[in-house]
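Written below as structure tokens is the structure these notes are about.
One-based numbering along the sequence shown.
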Amino acid sequence: MFEPFQKFIKKAAKTYGISTELQAAKTCQDFRALIPEFFKSTPNAEEYIRPAYFKNKTLVISTSSPAWAQEVIMRKSKIIEEMNRKAGREIINNLRTQLFFP
């Protein structure tokens, strides 16, 4: 009789044509949740790294400095692999960085 809320959201997203936007938001949310795992040796890494946007299978990550951008790029394959594993399919095939100013 009752449907899980997640199922309702997926149906509504398809009905209103916002599935792509919903997937992008979920991907960014998943990355934000996994930042501490990707950067275990650095406490509070989420202060310096944050998801910017997800579009065309590319996750763009904002960093506070070029050094943090390099840290992200060094973990690129691990990040892509883990994000795809979490999604249960290949949703990301590229990762880019950009600078933000806190």
Side-chain angles (χ1 to χ4, degrees):
M1 295 216 199
F2 291 102
E3 285 190 52
F5 188 68
Q6 291 82 2
K7 204 172 192 179
F8 171 75
I9 292 294
K10 288 180 182 178
K11 284 182 184 179
K14 279 186 179 181
T15 301
Y16 294 105
I18 58 169
S19 294
T20 304
E21 291 83 356
L22 185 64
Q23 180 63 56
K26 173 137 177 41
T27 301
C28 289
Q29 178 186 11
D30 288 347
F31 176 76
R32 189 180 303 270
L34 290 172
I35 289 174
E37 183 180 325
F38 293 137
F39 300 92
K40 291 178 186 175
S41 61
T42 307
N44 303 322
E46 57 274 356
E47 292 178 20
Y48 311 104
I49 302 166
R50 52 180 87 138
Y53 62 90
F54 175 71
K55 185 176 181 181
N56 298 328
K57 291 192 168 196
T58 299
L59 177 62
V60 178
I61 299 171
S62 293
T63 63
S64 62
S65 70
W68 276 107
Q70 184 63 32
E71 288 289 328
V72 170
I73 294 303
M74 287 177 9
R75 293 168 173 83
K76 179 179 179 175
S77 61
K78 180 182 175 187
I79 292 170
I80 291 172
E81 180 182 312
E82 184 62 25
M83 293 292 293
N84 288 336
R85 186 197 63 74
K86 185 166 178 65
R89 59 189 172 89
E90 184 182 295
I91 58 166
I92 299 173
N93 64 15
N94 194 16
L95 185 133
R96 290 187 10 224
T97 60
Q98 68 180 20
L99 292 177
F100 73 87
F101 299 96

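Side-chain heavy atoms closer than 4.5 Å link hydrophobic residues (I, L, V, M, F, W, Y) into clusters, and following such links, even through other members, never connects Val60 to Ile73. The hydrophobic clustering, which links ILVMFWY residues whose side-chain heavy atoms are closer than 4.5 Å, places Ile91 and Leu22 apart. Grouping the Ile, Leu, Val, Met, Phe, Trp and Tyr side chains by contacts below 4.5 angstrom, directly or via other members, places Ile49 with Leu95. One hydrophobic cluster holds both Phe38 and Val72 under the rule that ILVMFWY side chains link at heavy-atom gaps under 4.5 Å.
Using a 30° and 60° split on the angle between ring planes, Tyr48 and Trp68 fall in the parallel class, below 30°.
Residue Ile35 holds its CD1 atom at 7.5 Å from CD1 of Ile61, rounded to the nearest 0.5 Å. In this structure, OG1 in Thr97 is found 10.5 Å from CG in Leu59, a value given to the nearest 0.5 Å.
Surrounding NZ of Lys55 are at most 12 heavy atoms belonging to other residues, nucleotides or ligands under 6.0 Å away. Residue Glu46 places its CD atom among more than 12 non-hydrogen atoms of other residues, nucleotides or ligands, all under 6.0 Å distant.
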Distance-only donor-acceptor hits, side chain of residues 24-31, under 3.5 Å, sequence neighbours excluded:
| from | atom 1 | to | atom 2 | distance (Å) |
| --- | --- | --- | --- | --- |
| Lys26 | NZ | Asp30 | OD1 | 3.2 |
| Lys26 | NZ | Asp30 | OD2 | 3.1 |
| Thr27 | OG1 | Gln23 | O | 2.8 |
| Thr27 | OG1 | Gln23 | NE2 | 3.1 |

Do Thr58 and Ile92 pass the side chain to side chain contact (heavy atoms under 4.5 Å, CB included) test, and can you show the C-alpha distance, the side-chain angles, and the key distance before you say yes or no?
CA-CA 6 Å; Thr58 299; Ile92 299 173; over 6 Å; no
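Remark: Arg85 pairs with Glu82 by the salt bridge (Lys or Arg N to Asp or Glu O under 4.0 Å) rule, at least two apart or across chains. With sequence neighbours left out, Glu90 forms a salt bridge (Lys or Arg N to Asp or Glu O under 4.0 Å) with Lys57.
Here the closest non-hydrogen pair linking Ser64 and Leu99 is C-CD2, 4.4 Å. The two residues Phe100 and Glu47 have their closest heavy-atom pair at CZ-O, 4.0 Å.
Ionic pairing of Glu71 and Arg75 is present here: one or more N-O contacts between side-chain nitrogen and carboxylate oxygen are shorter than 4.0 angstrom.
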